[in-house]
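Please read the structure below before turning to the comments.
Throughout, a chain's letter reflects where its sequence line sits, starting with A, and its residues are numbered from 1. For clarity, every value in this text was computed on a predicted model and none was experimentally measured.
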Amino acid sequence: SQTIHQWPATLVQPVGSPLSLECTVEGTSNPNLYWYRQAAGRGLQLLFYSVGIGQISSEVPQNLSASRPQDRQFILSSKKLLLSDSGFYLCAWRLDSLNTIYFGEGSWLTVV
Amino acid sequence: AQSVTQLGSHVSVSEGALVLLRCNYSSSVPPYLFWYVQYPNQGLQLLLKYTSAATLVKGINGFEAEFKKSETSFHLTKPSAHMSDAAEYFCAVTLGGFQKLVFGTGTRLLVSP
């Protein structure tokens, strides 16, 4: 069966520091991969999605970037964090043969 | 463009009472619709989905939802609330040929004894 792993689960970073959140999917190949952000009191906002290695689509202009160096690995990064980057980040995956998106457990980022 | 609206950011019910969480969608094409549940500090778990088959969809934990095209609605119901149902619930609709999901702003369900 397929599983998704996301880490770290919790992160406290100072303003201006770099960020790297990592997500891997096991038990499948060539998934679509997604990064969502959930800010306090708001819904889920799609940040990036990828349909293959090196293929990244950005949904909103922001201080973050994403990369997909391997088929089942999706990384969310920032060179310099802002206070507004704080939130709950969720990685997700989907197969073209399935009509459901499945989510990881999420990563809490607090920028101080 | 496809979107969903969830009416009520908070819904409070007593244990054993009917749960009704509202979701209305806007879509120019036949939509796929989903309900997810999020327990505190956790990711999202799929409750149920509508993918153009039966209009009444049954999900996990006793929840069900009915797709009503005439009302552009996909409300989530459960006949009898349990304390363990307290969580945040998100309605979502597909976008871009199912490349993406667009979520509502969520409804927090509070269950009192």
Side-chain angles (χ1 to χ4, degrees), chain A residues 1-11 21 23-25 30-52 55-60 66 74 87-110, chain B residues 1-10 21-25 27 29-54 57 59-60 65 67 74 87-108:
Chain A
S1 63
Q2 301 91 350
T3 57
I4 181 169
H5 301 285
Q6 190 179 335
W7 70 92
T10 306
L11 198 59
L21 298 180
C23 171
T24 59
V25 179
N30 198 31
N32 292 349
L33 296 172
Y34 307 83
W35 278 111
Y36 282 84
R37 177 171 59 197
Q38 186 177 20
R42 301 175 64 179
L44 287 91
Q45 181 184 36
L46 179 62
L47 302 177
F48 301 95
Y49 73 96
S50 170
V51 298
Q55 300 179 62
I56 309 295
S57 295
S58 175
E59 290 298 295
V60 293
F74 205 24
F88 191 47
Y89 289 83
L90 289 156
C91 183
W93 69 276
R94 184 184 78 87
L95 292 179
D96 282 338
S97 58
L98 299 176
N99 53 23
T100 303
I101 291 179
Y102 296 95
F103 286 83
E105 288 300 309
S107 298
W108 274 108
L109 171 65
T110 303
Chain B
Q2 286 90 326
S3 67
V4 290
T5 301
Q6 291 184 243
L7 297 177
S9 58
H10 292 79
L21 304 183
R22 299 178 184 274
C23 174
N24 287 89
Y25 70 91
S27 177
V29 298
Y32 284 4
L33 293 158
F34 302 79
W35 277 100
Y36 285 84
V37 60
Q38 184 180 34
Y39 298 101
N41 298 318
Q42 295 186 24
L44 274 71
Q45 180 181 4
L46 179 70
L47 269 181
L48 49 81
K49 60 184 178 183
Y50 166 75
T51 57
S52 74
V57 181
I60 62 172
F67 173 72
F74 191 57
E88 188 147 22
Y89 293 80
F90 292 93
C91 184
V93 65
T94 52
L95 182 66
F98 212 113
Q99 293 292 1
K100 296 170 278 188
L101 276 182
V102 175
F103 284 86
T105 52
T107 298
R108 184 167 298 278

For the rings on Tyr36(A) and Phe103(A), is their centre-to-centre separation under 6.0 Å? yes
If you define the side chain from C-beta out and look only at heavy atoms, does anything of Cys23(B) sit under 4.5 Å from Tyr89(B)?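 No - every pair of side-chain heavy atoms lies 4.5 Å or more apart.
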Below 4.5 Å from any heavy atom of chain B, which atoms of [X] appear? Answer side chain, backbone, both or neither.
X: Gln6(A); value: neither
X: Gln38(A); value: side chain
X: Leu44(A); value: both

Report which part of Gln38(B) has an atom under 4.5 Å of a heavy atom belonging to chain A: side chain, backbone, both, or neither.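 It is the side chain, since no backbone atom gets that close.
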For Leu46(B), which atoms come within 4.5 Å of any heavy atom of chain A: side chain, backbone, both, or neither?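 The side chain, not the backbone.
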Tell me which of these, Gln45(B), Gln42(B), Glu88(B), has more heavy-atom pairs under 4.5 Å with chain A than the rest.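 Most heavy-atom pairs under 4.5 Å with chain A: Gln42(B).
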Start with the C-alpha distance between Leu11(A) and Leu21(A), add both sets of side-chain angles, then the distance that settles side chain to side chain contact (heavy atoms under 4.5 Å, CB included), and finish with yes or no. CA-CA 9 Å; Leu11(A) 198 59; Leu21(A) 298 180; 4.1 Å; yes
Under a 3.5 Å distance rule, please check whether Thr51(B) uses its side chain to pair with a backbone N or O of Tyr32(B) as donor and acceptor. no
Could you label the plane-to-plane angle of the Tyr50(B) and Phe74(B) rings as parallel, tilted or perpendicular, counting under 30° as parallel and over 60° as perpendicular? tilted
